[in-house]
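My questions will all concern the structure given below.
Quick note on labels: first sequence line is chain A, next is B, and so on, each numbered from 1. All values reported here derive from a predicted model rather than from experimental measurement.
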Amino acid sequence: MKKFLIDTYIILKEELRILIRNPFWVFIGLFEPVVYLLLFMPFLKGVTSAPGFPAESTSRFFVPGLIVMTAMFNSSYSGFGVLDLLENGFIERLRVTPVNRLSLVLGFVLQSVIVLLIQSIIICIISLFFGYSPSFTGLVLLFLLVLLIAITLSSISYSIAFLVKDGGMLASVINFFVLPLFLLSGIMLPLSFAPKIIQGIAMVNPFTYAVNASRFLSDGLIAQNTVVIAFILFIILSILTLQWFIRVMKETVA
Amino acid sequence: MKRKLPVSIRNSPIPSFKQLNCIVISLTKKYIMNDIVIEVNQLRKIFSSGKRKSKSVEAVKGIDFNVTKGEIFGLLGPNGAGKTTTLRILCTLISPTGGNINILGYDLAKYQKEIRNNIGYVSQKGGLELRSTGRENLILQARLYGMSNIEAEDRAEYLIEKLELQSFADRKAKTFSGGQKRLFDLSAGIIHTPKILFLDEPTTGLDPQSRSHIWNEVTKLHDEGTTIILTTHYLEEADVLCSRVAIINLGKIVELDNPAVLKRKIISGDIITLNFENGISLQTASGLLSSESFVKEIKTVDTLLHVYVDEGDSALPLVMSVLHKNNLSIQTVSLSRPTLDDVFLKLTGRKLIDEKE
Ligand SMILES: Nc1ncnc2c1ncn2[C@@H]1O[C@H](COP(=O)(O)OP(=O)(O)O)[C@@H](O)[C@H]1O
Ligand SMILES: [Mg+2]
């Protein structure tokens, strides 16, 4: 157990050290949400008054969704960070050492999680200037949900990177899955605006629950079924995807 | 070796006292007297891509070899022969499709952790984290083998001094030359003083100076008692460094022995090459020498005369005296022993792809 903790710490520290050398990536990942905040949220102003719109203010509707969106896109691209490490033999060098395999996996995943939490905090701070006023406890829980989403998607992304070892392939696989999941999660516009079929499909999308939960949480409404469902779903998903990544890490022919 | 005994006994459920005694003797022989540290039996590896069988590659086709404590064992073969695959299996990176492997008494299928603690591996690609410095790479490696921060720093410093890497140790690894990278790869591989060190093409693509630096370090490690398994497609490297060489081609070991023995075994005799001033003396010499009993064969190539003999050392004075008696003057003379290249060519019908830098 002690070795496991030390190993995880060593790998995570190494990953963060490399990241701090090049903090550029943290900010690149912020570009998209900030552009949405500046250029898309104003559009929503006109829609807020439309019949059936669930929230009174655009920021209360859009900012929680934006945080989930950032988690979706940025975590699912974490696999790109290991492609060169796979290529130059660094991962293989790690795998020859007696380092704990779970530590190896957690080191990479936690690095993605930390980056994402920093990005989420920055988005929240910027949003304050756009009239976003979240509940504090709700926000802490929302970050916890974001953490679970980040574990899930970065584990998937790393695993695919290990399996395909190719940037182009990784990008197409990720886009193929993440884009529809994103559009069907009600981040951009309320799902109540969508046709019944789309609403039906959205009900089997775990991110729909995450997005709805994120809105409840930022409003401070914690004891909601949706919130509970979202947490249960993503706890299960993060365990399953972590296990997948561990298996890939153990067996993959790099 | 005595490997057959335990296998035959495994078939009969209750071994007799005599049989048990045999096992003890054979085990003693294997692990103590002969000090076998690596035992590979019928190793096979098939890379299957997807479900289609047609796409799968049989990279290693059932190879056997043992490595004794303290030797430098070479796997020699052209690109695609299966050298890297074999090493990666031995280093616990990929699992074999078939066969048994025992390293330092540990069954590879079960005791991967124990094996990892005792081996070092320098892959073909190296594996430095290029955005970190050489020293940081070494410290990380030491930490992963369980050293504390201070121990790791000391060990990194020790190796940097020992291998004379001070002048570039604190530069980012991406600025290193090929030779500098390789020296750091090697240092990372020996950070935990492994009992067995695997080196995958440690010198490929390097300039002669860097190559000899690496060779020196490998020789030093060998002198310190490390068992070394290296792959190469440089013949002279295998020839100079290795106590035994397995010539591997298309996933199979075609020959395995001491390099000198291999050359004797496959190609008997030496070659005396004479360079004449003119064609007439060449013709005359050819005629005279071919009637001598110590000459096995004669071949003319341009102005060169290749004289194949059994014992070059004793034949050379005889050749010279024949030429001298007949007043035939030569420009140069050289005595060459067969190279592993000749051996490889004879065994496989193909040449090793030797990239000349
Ligand atoms: N991960 C892999 N997937 C599929 N085929 C592979 C893989 N690694 C190696 N091979 C194939 O196995 C054969 C042996 O390769 P390798 O062991 O790298 O040879 P060497 O190191 O002797 O040059 C080659 O035909 C190579 O293409
Ligand atoms: Mg190779």
| message | Measuring only between side-chain heavy atoms, which start at C-beta, is A:Asn88 closer than 4.5 Å to B:Glu129? | response | no
| message | If you count heavy atoms of other groups shown closer than 6.0 angstrom to CZ of A:Phe4, is the number above 12? | response | yes
| Close side-chain approach of B:Lys172 and A:Arg21, heavy atoms under 4.5 Å | yes
| field | A:Phe231 CZ: over 12 foreign heavy atoms closer than 6.0 Å | value |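 Buried by this count: over 12 neighbours within 6.0 Å.
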| said: What I'd like to find out is whether the side chain of B:Leu93 reaches to under 4.5 Å of the side chain of A:Glu92, using heavy atoms alone. | reply: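 SC-SC contact between B:Leu93 and A:Glu92 confirmed.
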| Minimum heavy-atom separation for A:Thr97 to B:Gln141, with atom names? |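 Looking at all heavy atoms of both residues, the closest pair is CG2-NE2, 4.0 Å.
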| query | Looking at A:Glu14 and B:Ser132, what are the two nearest heavy atoms and their distance? | reply |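 Scanning both residues, the minimum pair turns out to be OE2-OG, 3.8 Å.
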| chain B contact via A:Asp84 - which portion, at a heavy-atom distance below 4.5 Å |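 Interface part for A:Asp84: side chain.
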| note | Of B:Val122, B:Leu140, B:Asp185, the one forming a side-chain contact (heavy atoms from CB on, under 4.5 Å) with A:Arg93 is B:Leu140
| message | With a sphere of 6.0 Å drawn around NZ of B:Lys195, does it hold more than 12 non-hydrogen atoms of other residues, nucleotides or ligands? | response |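 No, because the 6.0 Å sphere around NZ of B:Lys195 holds 12 heavy atoms or fewer from other groups.
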| field | Closest approach of A:Phe90 to B:Leu128 (non-hydrogen atoms, all atoms of both residues) | value | CD1-C, 4.2 Å
| field | Donor-acceptor contact below 3.5 Å, side chain B:Arg143 vs main chain A:Ile10 | value |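 Not a single qualifying donor-acceptor pair exists.
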| request: Among the options A:Val99, A:Leu85, A:Leu94, A:Ile18, pick out the one with the most heavy-atom pairs lying under 4.5 Å from chain B. | output: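 Highest number of pairs under 4.5 Å: A:Ile18.
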| Rounded to the nearest 0.5 Å, what separation is found between the OG atom of B:Ser148 and the CD1 atom of A:Ile6? | 9.5 Å
| request: Locate the shortest heavy-atom distance separating B:Lys125 from A:Glu87; write the atom from each residue and the value. | output: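 Closest approach of B:Lys125 to A:Glu87: CD-O, 3.1 Å.
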| message | With a 6.0 Å cut-off (strictly less than), is the heavy-atom count around CZ of A:Phe143, excluding the residue itself, greater than 12? | response | yes
| Is the NZ atom of B:Lys113 crowded by more than 12 outside heavy atoms at less than 6.0 Å? |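 Not more than 12 within 6.0 Å, no.
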| request: Return the minimal non-hydrogen interatomic distance between B:Tyr121 and A:Val96, and the atom names on each side. | output: CD2-CG2, 3.4 Å
| request: Tell me, out of B:Gly189, B:Gly146, B:Gly127, who's got the most heavy-atom pairs with chain A below 4.5 Å. | output: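 Most heavy-atom pairs under 4.5 Å with chain A: B:Gly127.
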| message | If you count every heavy atom of other residues, nucleotides or ligands that lies below 6.0 Å from B:Tyr106 atom OH, does the total exceed 12? | response |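 No.
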| request: Could you check if a side-chain atom of A:Arg95 sits within less than 4.5 angstrom of a side-chain atom of B:Arg116, using non-hydrogen atoms only? | output: no
